[in-house]
Amino acid sequence: MLSIVFWGLALVVSFSLLWTRNLIISILLFGLFGTMTSGAYLLMGAPDVSFASLALGAGFTTFVFIISVRKTGKIKVGYIKTPYLIDRKDAGGFTGFEYELISEFAKEQKLDLDFEAITLEAESKLKRLDLLMGGLYDDGTHTVFFETWNKVQVLETRLLKNENGEIIDLMRYKHKLMQDGYYDYEYDNLGKSYYFFLIEKSRTELADSLKEFIDRTVEDGRFEEWVRRNLG
Amino acid sequence: MSKTVNVIVLITLLVFAAVVFLNLDQNRLTTERPDYITNLITENGSLNAVGAVYLDYRFYDTLFEVAVFFVAAFGVVMVLKRLPATVSEEHKNNIDYNLNGEAVDFRMKTAGTVIFFLSQLFAIYIILTGHLGPGGGFVGGVVAGTGVLVLSGTRDIEGIDKGLHDLGIPVFEKVIMLTLPLYGLIGLFAFDAALSNFHLLELTGIKDSRLWGIGRGELISGGTALFLNMAIGIKVFAGSWAILHHFVKHRGVV
């Protein structure tokens, strides 16, 4: 009769398995499921089956799954060099707000990142990438990406327009200002906009977990800290 | 070379399966339904009734279960071999660093060693007493294989693998896979059915079994259960270690 308790727990674990999005946690839950069924078998008078369930379900498969997940989680990131958001350091590696955010996300999700410099003009090349970043804003020109790929709002910004009709965002404007020290044109304020991460259209689960991650970092103050450190 | 041996093992299994299949009408398992409970006490002599069934009356199932595991390990190794190894060259053969080139914490190293020895002890115990209590070769082999994996986070994995090769584990694996069908054929020709167990009490005619240490509840009981559990244990250990070793080598430590 006591085995019903274990079966109940196994049922709870299996349902929570269905709703977890983090692979590592779902593997651990799977191991827990093996342990629960093992306890149930033991109380039902089948110690042999219980041993097998414990050794295989909770031990062996958990290890195999964890090892295989570790490197499957590799995302190819295409970035456009943007001051303050993602920029190459002189010593090697990257710096910037978006870089810090994405690398923290990857660390938490046990993903490996593969960076590649891109331009949005070479559309066909970008098809094999999973994520595009680097001060991407929707000015209505690259509709291919902004209408079909998953968009994740990262940071609020402003768009500015000069006399020639060129649109520029706040970060690049600020950088230009710091470098040149003068305005070459008059800029009109086009109003509020957002920087986006663009995620390949089939990987909705990646987009969802990234959104969830950003919401969480906003809540616990890490987001604020990255903004302060990189954007001042 | 090793590929050829694997193919030979598989062909042997298939031939064996054909022989047994053609002899099925002589097989008592299909012509009559033996009373397992009575037979267990009078002829097999295992304390673990489940063990007696899967090592004697239903050994056919067990044999092919082991074969499935063999094929699975074979397949995993064949696929993963083609992937590049993730071994960090920088800290190779340095026991302070693991395979990924990450420094290993000394607490983890100590705990890993302790868990390794405990798991091996436990595995040996449940393999040797598989016919007396719960356990048996299959579970014992998996426990032993997973126990070795615990070391791989803290030690040089190639060294472990080389040690196991020196012990002759891969050779044992193939030899056992060839021995088990032969063992089954002995049952077919010498006794009443294929894969029949050697019922020691009946064969030797020993009346006072306690005296010889081969009766019910003794270490040597249940016919050849001890031999079979050991064979299956080594087989499954080799298979599970081969799977885990190749996963770790080509995909990195956990």
Side-chain angles (χ1 to χ4, degrees), chain A residues 2-3 6 22-76 92-93 103 106-114, chain B residues 46 48-55 65 69 72-73 76 79-80 83-84 86 99-100 115 119 122-123 125-127 129-131 133-150 152-153 157 233 236-237 239-241 243-254:
Chain A
L2 208 59
S3 66
F6 277 99
N22 190 324
L23 279 178
I24 294 289
I25 289 176
S26 48
I27 290 167
L28 293 179
L29 281 177
F30 183 69
L32 195 60
F33 177 77
T35 318
M36 291 302 147
T37 50
S38 152
Y41 291 137
L42 187 67
L43 293 172
M44 288 167 90
D48 283 278
V49 186
S50 163
F51 269 38
S53 171
L54 195 63
L56 282 168
F60 187 75
T61 40
T62 310
F63 273 117
V64 169
F65 279 149
I66 288 183
I67 296 169
S68 37
V69 150
R70 190 181 182 272
K71 284 281 168 65
T72 351
K74 185 177 221 172
I75 44 180
K76 295 199 202 84
S103 56
K107 212 162 105 188
E108 197 183 283
Q109 298 273 320
K110 300 268 185 296
L111 296 165
D112 280 359
L113 297 174
D114 210 359
Chain B
S46 291
N48 180 359
V50 178
V53 169
Y54 75 71
L55 290 179
E65 199 176 315
F69 202 78
V76 167
V79 171
L80 287 180
L83 299 178
T86 57
L99 193 71
N100 295 350
I115 291 172
S119 66
F122 180 62
Y125 174 74
I126 57 178
I127 288 174
T129 61
H131 53 303
F138 201 79
V139 181
V142 174
V143 170
T146 317
V148 177
L149 178 80
V150 176
S152 66
I157 192 170
V236 172
F237 167 66
S240 55
W241 169 247
I243 291 176
L244 291 171
H245 168 232
H246 278 84
F247 259 101
V248 169
K249 187 173 169 187
H250 298 282
R251 320 226 19 126
V253 188
V254 180

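For clarity, every value in this text was computed on a predicted model and none was experimentally measured. Here is the naming used below: chain letters follow the sequence lines, and residue numbers restart at 1 for every chain. Heavy atoms only: backbone and side chains are in, while hydrogens, waters and symmetry mates are out.
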*Asks:* What's the verdict on side chain to side chain contact (heavy atoms under 4.5 Å, CB included) for Val143(B) and Phe51(A), showing C-alpha distance, side-chain angles and the deciding distance?
*Replies:* CA-CA 10 Å; Val143(B) 170; Phe51(A) 269 38; over 6 Å; no
*Asks:* Nearest heavy-atom pair of Val139(B) and Ala55(A): which atoms, and what distance?
*Replies:* CG1-CB, 3.8 Å
*Asks:* Out of curiosity, Ile126(B) CD1 to Asp48(A) CG, how far, rounded to the nearest 0.5 Å?
*Replies:* 10.0 Å
*Asks:* Would you check if Leu244(B) and Phe60(A) make a side-chain contact, meaning some heavy-atom pair closer than 4.5 Å?
*Replies:*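 Yes - at least one pair of side-chain heavy atoms lies under 4.5 Å apart.
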*Asks:* Compare all side-chain heavy atoms of Val248(B) with those of Phe63(A) and state whether any distance is below 4.5 angstrom.
*Replies:*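 SC-SC contact between Val248(B) and Phe63(A) ruled out.
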